[in-house]
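Side chains are part of it too, since the values below use all heavy atoms of this structure and drop only hydrogens, waters and symmetry mates. Start at 1 with the first residue, then count along the sequence.
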Amino acid sequence: MKGQIVKIISNRYTVECGDATVVAHALGKLKVARGDFKGQSSVRQTQNLMAGDFVRLSHGAPFAVIEEVIARKNFLMRPPVANVDLALIVIANEPVADFLLLDKILINCYIQEIKPIIVYNKCDIAKSQEVLNALKPYENFVDSLVISAVTGEGFEELKPLIDKKLAVLAGQSAVGKTSILNRILGANLKTDTLSLKISRGKHTTRHIEIFNAYGGKIADTCGFSLLEILNVSHEELRLYYNEFLELPNKCRFTACNHISEPDCAVRVAVENGEIDKGRYERYITLYTELLNNK
């Protein structure tokens with residue numbers, strides 16, 4: 001049989017095979033059907049299986065056995081999901097949006113060829129100007145959607161985005177990812193409230209699970225506040241900023257990193273308000289982080 005892993009708890013893998021769902025164990029080492037998982041070892045250990053992996057398995061009692069893994073087209077490390085088509089990056093006004101995390105997720109999406117959409121949740125408790133200010137730096141190169149998991153605003157627009165795709169909900173804790181999923185599924189998955197003392201969310205989702213929704217699939221993922229950028233050097237970072245690449249005026253140097261080089265068109269655009277200053281400052285933060293990690 002061929003199927004897709006939709007849930008992992010301990011060493012048990014729930015695999016969706018057409019209209020049927022089976023619980024499977026995995027062999028100690030797994031063959032790769034084709035490809036090399038983007039340059040990783042051709043033999044994968046079972047603990048590295050991810051929700052979203054396509055696998056071949058055989059019947060067994062009491063469990064089926066996963067024998068082979070089909071090469072991934074992409075994967076995310078945090079949240080750990082494979083073969084993702086769409087990333088719904090959720091932000092809100094409570095807790096205060098972590099735009100550095102948002103930028104890191106965007107870069108990982110571009111590297112993995114995953115379409116990102118910024119989803120502003122909790123619009124029912126946010127001022128319209130707050131929403132506009134949050135989305136404005138990204139408006140020319142990232143699609144966005146404004147929703148409320150409480151009132152249902154924006155969910156009709158969300159449906160066609162998920163159709164025939166595997167979408168992942170990503171973002172910091174307490175922005176309402178589980179509440180969004182509850183409204184999509186008509187379910188009552190566990191949620192938690194903000195800690196009043198520290199104004200950040202408690203981790204309520206303990207495993208990754210993929211659900212059928214809106215003609216496609218959607219993954220419920222644990223909240224997180226840190227994310228490392230994968231497979232990119234500090235010299236390459238500039239290539240993942242569309243607003244840099246689309247400037248009509250070019251820098252003096254073709255390989256300008258937009259840090260301190262003379263006649264830098266990006267820094268001029270920041271000074272003129274053509275590029276958001278906060279996003280540029282976060283670029284410098286990420287550039288420095290990658291340079292120091294080299």
(message) As an exercise, state the distance from CG of L237 to CG of L290, rounded to the nearest 0.5 Å.
(response) 5.5 Å

(request) Output yes when a side-chain donor or acceptor of R56 lies under 3.5 Å from a complementary backbone atom of E68, and no otherwise. (result) no

(message) Does any part of the side chain of V81, heavy atoms only, come nearer than 4.5 Å to the side chain of M50, both counted from C-beta?
(response) no

(request) Determine whether L166 and Q4 make a side-chain contact, defined as any pair of heavy atoms from C-beta on separated by less than 4.5 Å. (result) yes

(request) With sequence neighbours left out, write down each residue that passes side-chain hydrogen bond (donor to acceptor under 3.5 Å, both in side chains) with N212, or none if nothing qualifies. (result) E16, K217

(request) Can you measure from CD1 (I208) to CD1 (I5) and round to the nearest 0.5 angstrom? (result) 12.5 Å

(message) Any non-hydrogen side-chain atom of I111 less than 4.5 Å from a side-chain atom of N108?
(response) yes

(message) So, taking the atom named CD in E130 and the one named CD1 in I125, what distance separates them when rounded to the nearest 0.5 Å?
(response) 9.0 Å

(message) Test of understanding: clusters of I, L, V, M, F, W, Y form through side-chain heavy atoms closer than 4.5 Å, transitively. Do V268 and V266 belong to the same one?
(response) no

(message) Assess whether a salt bridge exists between D85 and K165, defined as any Lys/Arg side-chain N lying under 4.0 Å from an Asp/Glu carboxylate O.
(response) no

(message) For the backbone of V84 and the side chain of N74, can you confirm whether one donor and one acceptor N or O come within less than 3.5 Å of each other?
(response) yes

(request) Treating Ile, Leu, Val, Met, Phe, Trp and Tyr as nodes and any side-chain heavy-atom pair under 4.5 angstrom as an edge, say whether Y240 and F141 lie in one connected cluster. (result) yes

(request) Applying side chain to side chain donor-acceptor pair (under 3.5 Å) between Y138 and each of D103, D276, D143, report the one that passes. (result) D103

(message) Test of understanding: with ring-ring contact (aromatic ring centres under 6.0 Å, His included), list the residues that count as partners of Y283, not counting sequence neighbours.
(response) Y241, F244

(message) Using only atom types and a distance under 3.5 Å, with no angle test, would you say the side chain of E261 pairs donor to acceptor with the backbone of H258?
(response) yes

(request) Pick out which of V119, L106, I117 makes a side-chain contact (heavy atoms from CB on, under 4.5 Å) with I89. (result) L106

(request) Begin with the C-alpha distance, continue with both residues' side-chain angles, and end with the deciding distance and a verdict on side-chain contact (heavy atoms from CB on, under 4.5 Å) for D53 and F75. (result) CA-CA 9 Å; D53 273 331; F75 67 93; over 6 Å; no

(request) Check the surroundings of atom NZ in K250: do more than 12 heavy atoms from other residues, nucleotides or ligands lie under 6.0 Å from it? (result) yes

(message) Tell me which pairs pass ring-ring contact (aromatic ring centres under 6.0 Å, His included) where either residue lies in residues 147-181, with sequence neighbours left out.
(response) none

(message) Distance check, rounded to the nearest 0.5 Å: K122 atom NZ versus I180 atom CD1?
(response) 9.5 Å

(request) Verify, without hydrogens or angle tests, whether N121 (side chain) and A149 (backbone) share a donor-acceptor contact under 3.5 angstrom. (result) yes

(message) Has K177 got a side-chain atom pairing as donor or acceptor with G171's backbone, closer than 3.5 angstrom?
(response) yes

(request) To the nearest 0.5 angstrom, please state how far the CD atom of E271 sits from the SG atom of C264. (result) 9.0 Å

